[in-house]
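Below is one structure; the comments refer to it alone.
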Amino acid sequence: MAYDVEKIREEFPILRRQIGGRPLVYLDNTATSQTPERVVRAVVDGYEQRKANVHRGVHTLSQEATDRQEETRRKVRDYINAASEQEIIFTRGTTEGINLVASSFGSLLPEGSEIILTVMEHHANIVPWQLLAERRGLTIKVVDVDGPQGVLNQEQYRSLFNEKTSMAAFCHVSNVLGTVNPVKEMIAYAHRAGVPVLVDGAQASPHMAIDVRDLDCDFYVFSSHKMYGPTGVGVLYGKEKWLEKMPPYQGGGEMIKHVAFSGTTFADLPFKFEAGTPDFVGIAALSQALDFIGELGIEAIGSHERELTRYTQERLLNDFEGIRLFGTAPEKGAVISFLYKDVHPYDVGLLLDKMGVAVRTGHHCAQPLMDRLGIPGTVRAGFGAYNTREECDMFLAALRRILPFFG
């Protein structure tokens, strides 16, 4: 079936908005995607018709809310090909998932251990490990990139492993460079050294098929809001063998079997890591976002986005003087980061907004990478399932109009 982008766009009322009297061209999908009507309706339905706490009531509303949450858990299991629902933990987002692993699994790492990260990581996959390292006296080692192309130095990566290495954590796709890292091969190498791996999949899960069993990762994290779902919902996948060994991340209701002042026993997986009342309305609505992706086909979405990325990147290089691209790896996701001459990215982004074009500017929560590249930040355009070739041309036309203002 043909990929009908105009029909897809009908599900997104916000795409009919105008900004400053101009049609909205939304190219900030790398930060967050827009939400189809079916997801919004699911949120409204959850609050209007089924708002009751999950797993705690015998009455109808509670049972309906519970059923919808657990249906989403099953769909997430299938989406990433996990072995069971017990390996699917609902969180508030990618950031909380990484913090959970760093805090809980990190408590099992021996003192003096070393953790391998990469210079292209989002702050969410740096700071939690730094906090752990400070508490436990651990050392962080960092894999470099080859420069503006944005390919990880695999030889250096392999050289960092030694008898003290206890953890490796890296992104599947860079949120700045768009580089699709060879995570399967990187995981295999780590496992040969006996080292478990966490993969930050925030930039991969909306754009490509994820198979955690094929990757053989130990942990995989991603967020709902980047894949057409509600905000404040995320997923942590963890191999059951690790989740069973890890202590709870938070204490409270839901994550217990029995509480007494003489001692507490904890709930079975996955509830051991889901303390308190979850965002059961948002989790249920994520089910609709997964259906939306499933109906379009993740391969079709990815193909469409890559074509838009390739087209726009080629036009930027061929039609504009003074454009510097950051991230030109052979395996690249739907992200374009660039600078114009020495103009600050904020200034370019501000004028693009006046033309109705929404892009992201700044360091993109990747300051170590910016320091490595010797730049303050970039202008970043990220594509989604609903973007069109016409919008790419509108973006390029807006650039052509505003860049002369900078001389």
Side-chain angles (χ1 to χ4, degrees), residues 7-17 19 24 26 28-57 59-80 85 88-97 100 201-203 205-207 210 221-237 252-254 270-271 273-298 301 358 382 384-387:
K7 184 177 181 181
I8 293 167
R9 291 174 65 84
E10 292 175 1
E11 290 209 49
F12 295 84
I14 197 170
L15 299 181
R16 296 190 284 274
R17 270 201 69 177
I19 304 295
L24 169 65
Y26 185 79
D28 196 18
N29 295 286
T30 312
T32 195
S33 62
Q34 295 302 328
T35 309
E37 284 187 290
R38 68 177 78 182
V39 175
V40 177
R41 288 197 302 269
V43 171
V44 172
D45 177 75
Y47 281 112
E48 287 188 344
Q49 302 293 331
R50 309 177 202 287
K51 189 180 180 188
N53 219 323
V54 293
H55 297 296
R56 302 184 193 180
H59 59 83
T60 298
L61 296 185
S62 178
Q63 291 297 310
E64 288 181 352
T66 299
D67 289 345
R68 279 161 176 75
Q69 174 170 299
E70 296 311 307
E71 178 186 22
T72 302
R73 200 186 305 271
R74 290 189 291 273
K75 287 184 180 179
V76 171
R77 174 203 63 194
D78 295 341
Y79 189 78
I80 63 173
E85 296 106 281
I88 305 300
I89 313 297
F90 288 124
T91 67
R92 292 178 298 162
T94 300
T95 298
E96 186 177 47
L100 190 161
Q203 299 299 333
S205 59
H207 307 290
I210 307 298
V221 290
F222 57 96
S223 296
S224 161
H225 73 95
K226 294 183 190 295
M227 48 196 304
Y228 313 103
T231 61
V233 176
V235 172
L236 162 65
Y237 158 80
E254 188 76 12
F271 308 112
F273 294 104
E274 294 180 355
T277 300
D279 184 357
F280 53 83
V281 173
I283 292 169
L286 172 58
S287 173
Q288 292 298 314
L290 293 171
D291 286 347
F292 169 78
I293 293 172
E295 289 170 14
L296 297 182
I298 192 65
I301 292 173
Y386 39 65
N387 288 124

Taking the side chain as every heavy atom from C-beta outward, state whether Ile210 and Ile298 have any pair of such atoms under 4.5 Å apart. no

What are the two closest heavy atoms between Val54 and Glu254, and how far apart are they? O-OE1, 3.9 Å

For residues Ile88 and Tyr79, determine if any side-chain heavy atom of one lies less than 4.5 Å from a side-chain heavy atom of the other. no

Which heavy atom in Leu24 sits nearest to a heavy atom in Ala358, and how many Å separate them? CD1-CB, 4.3 Å

Going from CD on Gln203 to OG on Ser223, what distance comes out if it is rounded to the nearest 0.5 angstrom? 9.0 Å

Hey, are the side chains of Glu64 and Gln49 touching, using non-hydrogen atoms and a 4.5 Å cut-off? no

Hey, could you give me the CG/CG distance between Leu61 and Asn53, rounded to the nearest 0.5 Å? 11.5 Å

Taking side-chain contact (heavy atoms from CB on, under 4.5 Å) as the criterion, tell me which of Ile293, Thr35, Val39 meets it with Tyr228. Ile293

What's the shortest heavy-atom distance between Ser224 and Pro230, and which atoms? OG-O, 2.8 Å

Report the residues that fulfil side-chain hydrogen bond (donor to acceptor under 3.5 Å, both in side chains) with Arg38, sequence neighbours left out, ordered by chain and then residue number. Glu11, Glu295

Testing the basics here: between Ala65 and Ala52, what is the closest heavy-atom pair and its distance to 0.1 Å? CB-O, 3.4 Å

Just by distance, do the side chain of Glu274 and the backbone of Phe90 share a donor-acceptor pair under 3.5 Å? yes

Decide side chain to side chain contact (heavy atoms under 4.5 Å, CB included) for Lys75 and Leu286; before the verdict, give the C-alpha distance in whole Å, the side-chain angles of both, and the deciding distance to 0.1 Å. CA-CA 9 Å; Lys75 287 184 180 179; Leu286 172 58; over 6 Å; no

Whether Thr72 side chain and Ile283 backbone form a donor-acceptor pair below 3.5 Å: yes

Is any side-chain heavy atom of Pro270 less than 4.5 Å from a side-chain heavy atom of Glu85? no

All ring-ring contact (aromatic ring centres under 6.0 Å, His included) counterparts of Phe12, not counting sequence neighbours: Phe292, Tyr386

Using side-chain heavy atoms (C-beta onward) and a distance below 4.5 Å, is Thr32 in contact with Tyr26? yes

Below 4.5 Å, heavy atoms only, C-beta onward: do Leu290 and Met227 meet side chain to side chain? yes

Nearest 0.5 Å, what's the CG-CD distance between Asp45 and Gln288? 9.5 Å

Just by modelled atom types, is the Asn29 backbone N or O under 3.5 Å from a matching donor or acceptor in the Lys226 side chain? no

Atom OG1 of Thr91 and atom CG of Leu236: how far apart are they, to the nearest 0.5 Å? 7.0 Å

Do other residues, nucleotides or ligands put more than 12 heavy atoms under 6.0 Å from the CZ atom of Arg92? no

Donor-acceptor pair, side chain of Thr231 and main chain of His225, under 3.5 angstrom: no

With a 4.0 Å cut-off on N to O distance, would you call Glu70 and Arg73 a salt bridge? yes

Return each pair, listed once, that meets salt bridge (Lys or Arg N to Asp or Glu O under 4.0 Å) where at least one residue sits in residues 279-289; pairs must be two or more places apart or across chains. none

Quick check for you: to the nearest 0.5 Å, what is the distance between Ser62 atom OG and His55 atom NE2? 8.5 Å

Work out which heavy atom in Gly252 is nearest to a heavy atom in Ala275; give both atom names and the distance. N-CB, 4.3 Å

Does any non-hydrogen side-chain atom of Leu100 lie less than 4.5 Å from one of Val221? no

Under a 4.5 Å cut-off applied to non-hydrogen side-chain atoms, are Phe280 and Lys51 in contact? yes

